[in-house]
Amino acid sequence: RRRIAILISGRGSNMVSLIEAASAADFPADIALVLSNRPDAGGLERARQAGIEALSIDHKAYSTRESFEEALDAALSERGIDFICLAGFMRVLTPWFVERWAGRMVNIHPSLLPLFRGTHTHQRALEEGVLVHGCTVHFVVPELDAGPIVAQAVVPVVPGDTEDTLATRVLAQEHTLYPQALRLICEGRARLDGGKVVFADVWSAEDSL
Ligand code: GAR
């Protein structure tokens with residue numbers, strides 16, 4: 001069984017959905033650690049309440065990105081972590097860290113990538129006038145929000161939407177999408193091969209007709 005660490009920076013609602021999904025007996029992985037770069041992240045307490053070790057490594061205590069990431073990497077290695085889920089983790093990771101965890105680190109992003117990489121995705125979706133929006137789970141590569149896509153969910157943009165109403169609609173989808181995507185990966189049904197995600201036993205041509 002894979003030993004997963006979830007990296008957060010804030011409230012951790014995606015983290016909670018992963019923890020809940022992983023508590024099912026048939027889930028193919030264990031959430032072994034929650035790690036935050038911000039000591040005040042609300043998600044830390046929620047993880048502890050769920051009985052999961054929750055650690056903060058304050059990036060402000062380190063003078064360089066590299067030294068922060070070395071501390072992160074050491075904490076992960078010490079606990080035998082073999083897979084990382086970024087869930088609202090708002091620090092850009094250096095190529096060193098990303099390469100070290102290549103094929104073993106995924107992220108959830110609140111847009112239909114490759115649209116709206118980076119921040120303020122809901123505001124930008126509204127400004128562009130797109131009629132569909134959503135979220136994406138992808139493997140992490142050095143270029144920000146540019147990695148191979150594992151899963152996406154779509155929501156409509158409706159008249160009168162604000163950043164908040166749209167964010168809420170997308171977040172509800174994130175909470176089901178992320179556990180599904182993690183399950184696919186841990187069961188070997190979605191795997192990286194030559195820089196692309198290859199799927200097995202996920203759907204057949206008949207399903208989509
Ligand atoms: C989520 O919407 C997630 O997709 C987004 O931050 C939110 C975290 O919420 N992530 C990013 O923007 C990554 N660049 P949560 O802490 O409640 O899971």
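Read the numbers this way: they start at 1 and go in the same order the structure lists the ligands and their atoms. Side chains included, hydrogens not; waters and symmetry mates left out as well; all remaining heavy atoms used.
Protein residues with a heavy atom under 4.0 Å from ligand 1 are Arg11, Gly12, Ser13, Asn14, Gly88, Met90, Ile108, Pro110, Leu171, Glu174.
There is no side-chain donor-acceptor pair under 3.5 Å between His109 and His138. Using modelled atom types and a 3.5 Å distance limit, the side chains of His175 and Ser13 yield a donor-acceptor pair.
The two residues Arg65 and Val92 make their nearest non-hydrogen contact at NH1-O, 2.9 Å. Taking both residues in full, the closest heavy atoms of Asp161 and Pro156 are given as OD2-O, 4.2 Å, listed atom of the first, atom of the second, then distance.
Heavy atoms of other residues, nucleotides or ligands lying less than 6.0 angstrom from CZ of Arg38 number 12 at most.
Asp26 meets the side-chain contact (heavy atoms from CB on, under 4.5 Å) test with Ala24, Arg183; sequence neighbours excluded.
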